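Working notes, beginning with the structure itself.
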Amino acid sequence: MSVEHGHPRVVVFDFDGTLFDGDLGFEWLRWMLLRSPWRLGLVLLAAPLWLPLLLLPNGFSAVAACCFWIATLGAPHTDCREFLDARGAQLRQRLFPQALAALAAHQAAGERVVIATAELPALVQGLLSGLPHACPPVLGSQFERGRWALRLRLHLLGARKLDALDAAGYGRHFALSYTDSLRDTPLILSCDCAVLVNFAHARRARIERHLAALGAATRLDWRDWRC
């Protein structure tokens, strides 16, 4: 067992773009909208309002919340099993084999592996449930039921991941993290080593300078899992 100061090392994985080639939540929302022409029409009608939000610092979360609200408007339930039954086998082919092997190796070493993602935990757990190794704990976005639809109560991005990991008992400093996004910069800065996956070679030197300017003591490793 790999340990630090008498405790198992904590290893944090992102999901979209790190374990999975794409955005699982987008696939789910698209599936729901395409099955409901009137909800899809509402999203298109609202596009002039929510598209400019993408230019704002926290605009991505606002757009995700808007689309999530419309996609669940009037929905009788939020069970994602029907989606996974219909698309799960196809979507599992988009899981990166190298990423799954790395995750399994950390589990076999007795390390505390956790997935921290902006996805809904049920989506990730459902997609990984058919794999030979056990799905690690998943911390993700949270929703609440409103009067007409569901509302994203917490979109787990950026520094919110550190808060969620701390609240779940993992602390705020980690041995290792795997991510494909600089939205996870707070997580990267909180790790002894960060594995940055699927970044183009041309961007790597610029990213290293950016993190160094932030005072990062994190050792960086690079993996390309799209090959």
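Just so we're clear, the structure is a prediction, and the values are computed from it rather than from any experiment.
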Nearest non-hydrogen partners of [X] and [Y], listed with the distance:
{"X": "Leu211", "Y": "Leu189", "result": "CD2-CD2, 4.4 Å"}
{"X": "Ser141", "Y": "Pro121", "result": "O-CD, 3.4 Å"}
{"X": "Arg112", "Y": "Gly169", "result": "NH1-O, 3.5 Å"}
{"X": "Gly17", "Y": "Asn198", "result": "O-ND2, 3.1 Å"}
{"X": "Pro48", "Y": "Pro52", "result": "O-CD, 3.2 Å"}
{"X": "Thr18", "Y": "Phe96", "result": "O-CD1, 3.3 Å"}

List for me each residue that meets salt bridge (charged side-chain N to carboxylate O under 4.0 Å, His left out) alongside [X], sequence neighbours excluded, and say none if there are none.
{"X": "Asp224", "value": "none"}
{"X": "Arg30", "value": "Glu27"}
{"X": "Asp14", "value": "Lys161"}
{"X": "Asp16", "value": "none"}

With sequence neighbours excluded, tell me which residues meet side chain to side chain donor-acceptor pair (under 3.5 Å) with [X].
{"X": "Arg226", "answer": "Asp21"}
{"X": "Arg223", "answer": "Asp221"}
{"X": "Arg92", "answer": "none"}
{"X": "Arg219", "answer": "none"}

Under 3.5 Å, is there a donor-acceptor pair between the side chain of Thr218 and the main chain of Cys191?
-> yes

Glu119 side-chain N/O to Gly25 backbone N/O, donor-acceptor pair under 3.5 Å = yes

Residues sharing Leu45's hydrophobic cluster, by side-chain heavy-atom contacts under 4.5 Å among ILVMFWY, directly or via others?
-> none

Give me the other members of the hydrophobic cluster that Phe26 sits in, counting Ile, Leu, Val, Met, Phe, Trp and Tyr linked by side-chain heavy atoms under 4.5 Å, directly or via other members.
-> none

Same apolar cluster: [X] and [Y], side chain cutoff 4.5 Å:
{"X": "Trp225", "Y": "Leu196", "answer": "no"}
{"X": "Val10", "Y": "Leu162", "answer": "yes"}
{"X": "Leu156", "Y": "Ile188", "answer": "no"}
{"X": "Val11", "Y": "Leu220", "answer": "no"}
{"X": "Val113", "Y": "Leu95", "answer": "yes"}

May I ask you to test the Leu176-Val12 pair for a side-chain heavy-atom distance under 4.5 Å?
-> no

Would you indicate whether the side-chain heavy atoms of Leu40 and Ser36 approach each other to under 4.5 Å?
-> no

Would you call the rings of Tyr178 and Phe13 parallel, tilted or perpendicular if under 30° counts as parallel and over 60° as perpendicular?
-> parallel

Phe20 and Phe15 aromatic ring geometry - parallel, tilted or perpendicular at 30°/60° bounds = parallel

So Thr117 and Leu139, side chain to side chain contact (heavy atoms under 4.5 Å, CB included) or not? Walk me through it.
-> CA-CA 6 Å; Thr117 174; Leu139 305 178; over 6 Å; no

List, one per line, each side-chain donor-acceptor pair under 3.5 Å for residues 97-104, sequence neighbours excluded.
none

Are Arg35 and Glu82 ion-paired here, with the side-chain N under 4.0 Å from a carboxylate O?
-> yes

Asp163 bridged to Arg172 by N-O distance under 4.0 Å | yes

Distance from Ser129 atom OG to Leu84 atom CG, nearest 0.5 Å?
-> 7.5 Å

Starting at CG of Leu91, measure out to CG of Leu123 and round the result to the nearest 0.5 Å.
-> 10.0 Å

Quick one: salt bridge (Lys or Arg N to Asp or Glu O under 4.0 Å) pairs with a partner in residues 121-132, sequence neighbours left out?
-> none

